[in-house]
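Structure record follows, encoded as structure tokens.
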Amino acid sequence: EVQLQASGGGLVQAGGSLRLSCATSGFIFDDYAIGWFRQAPGKEREGVSCIKSSDGSTYSADSVKGRFTISGDNAKSTVYLQMNSLKPEDTAVYYCAADRSASSFSSSYYRDLKKYDYWGQGTLVTVSS
């Protein structure tokens with residue numbers, strides 16, 4: 001059974017940092033993608049960043065480029081989202097998701113929710129001003 005467990009959220013002041021973790025288990029796929037998404041109150045879920053398992057290539061939303069970094073540790077079956085220079089508008093519930101086949105991995109992958117087959121529960125990030 002494929003499972004994803006997101007953690008690492010919390011309350012932080014503007015300008016601060018957090019690192020989210022997405023622990024995965026039950027993966028039997030050769031080449032998959034992990035994405036981070038977020039949903040702020042009253043807003044639609046939006047893509048943040050994604051990473052391809054086979055070569056570590058990544059794509060991110062313009063709103064987080066230069067501030068957020070996605071990375072993976074295959075030995076630990078965990079994907080991280082390092083978030084620096086946080087802003088109040090980054091406040092949201094953050095979710096990680098997996099696509100079992102990253103054959104069409106491209107620059108739009110980070111925002112295409114429909115491509116992802118498995119979703120973890122969210123972790124809340126609150127950035128105070």
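Side chains included, hydrogens not; waters and symmetry mates left out as well; all remaining heavy atoms used.
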- prompt: Any donor and acceptor pair, going by atom type alone, linking the side chain of Thr24 with main-chain N or O of Ser77 inside 3.5 Å?
  reply: yes
task: Check salt bridge (charged side-chain N to carboxylate O under 4.0 Å, His left out) between Arg100 and all other residues, then give those that pass, not counting sequence neighbours.
output: Asp117
field: Trp119 and Tyr95 aromatic ring geometry - parallel, tilted or perpendicular at 30°/60° bounds
entry: perpendicular
message: So which atom in Leu4 and which in Ala97 form the shortest heavy-atom distance, rounded to 0.1 Å?
response: CD2-C, 3.8 Å
- prompt: Any idea which heavy atoms bring Gln121 and Ala6 closest together, and the distance?
  reply: NE2-O, 2.7 Å
task: Can you sort out the partners of Cys96 under disulfide bond (SG atoms under 2.5 Å apart), two or more places apart, ordered by chain and number?
output: Cys22
message: Is there a path of hydrophobic side-chain contacts, each under 4.5 Å between heavy atoms of I/L/V/M/F/W/Y residues, joining Leu113 to Tyr116?
response: yes
query: How would you list, by chain and number, every residue that makes a salt bridge (charged side-chain N to carboxylate O under 4.0 Å, His left out) with Glu89, sequence neighbours excluded?
result: none
query: How long is the gap from OG1 on Thr126 to CG on Asp90, to the nearest 0.5 Å?
result: 11.0 Å
- prompt: Which pairs with one or both residues in residues 42-51 pass salt bridge (charged side-chain N to carboxylate O under 4.0 Å, His left out), sequence neighbours excluded?
  reply: Arg38-Glu46
message: Restricting to side-chain hydrogen bond (donor to acceptor under 3.5 Å, both in side chains), what partner residues turn up for Ser54, sequence neighbours left out?
response: Asp31
field: Any residue meeting salt bridge (charged side-chain N to carboxylate O under 4.0 Å, His left out) with Lys114, in chain and number order, not counting sequence neighbours
entry: Asp112
field: Working for side chain to side chain contact (heavy atoms under 4.5 Å, CB included), residues Val48 and Tyr110
entry: CA-CA 6 Å; Val48 175; Tyr110 72 90; over 6 Å; no
query: Thr123: what forms a side-chain hydrogen bond (donor to acceptor under 3.5 Å, both in side chains) with it, not counting sequence neighbours?
result: none
Ignoring hydrogens and angles, write down the donor-acceptor pairs under 3.5 Å from the side chains of residues 79-88, residues two or more places apart or on other chains.
residue	atom	partner	partner atom	Å
Gln82	NE2	Asn84	OD1	2.9
Asn84	OD1	Ser17	OG	2.9

Rounded distance (nearest 0.5 Å) linking atom CG of Leu18 with atom CG of Leu11: 9.0 Å
- request: Apply side-chain hydrogen bond (donor to acceptor under 3.5 Å, both in side chains) to Gln3 and list each qualifying residue two or more places apart in sequence or on a separate chain.
  value: none
query: Where the side chain of Gln39 meets the backbone of Ala92, is there a donor-acceptor pair that is under 3.5 Å apart?
result: no
- request: Considering non-hydrogen atoms only, spot the tightest contact between Ile70 and Ser49 and give its length.
  value: CG2-OG, 3.1 Å
message: Checking Asp73 now: which residues fulfil salt bridge (charged side-chain N to carboxylate O under 4.0 Å, His left out) with it, not counting sequence neighbours?
response: none
- line: To the nearest 0.5 Å, atom NZ of Lys52 lies from atom OH of Tyr32 at 12.5 Å
- request: Might you point out which heavy atoms bring Ser21 and Thr78 nearest each other, and give the distance in Å?
  value: CB-CG2, 4.1 Å
task: Sequence neighbours left out, what passes side-chain hydrogen bond (donor to acceptor under 3.5 Å, both in side chains) with Ser63? Give chain and number order.
output: none
message: Applying ring pair (Phe, Tyr, Trp, His ring centres under 6.0 Å) as the test, list every pair that has at least one member in residues 55-76; sequence neighbours left out.
response: Tyr59-Phe105
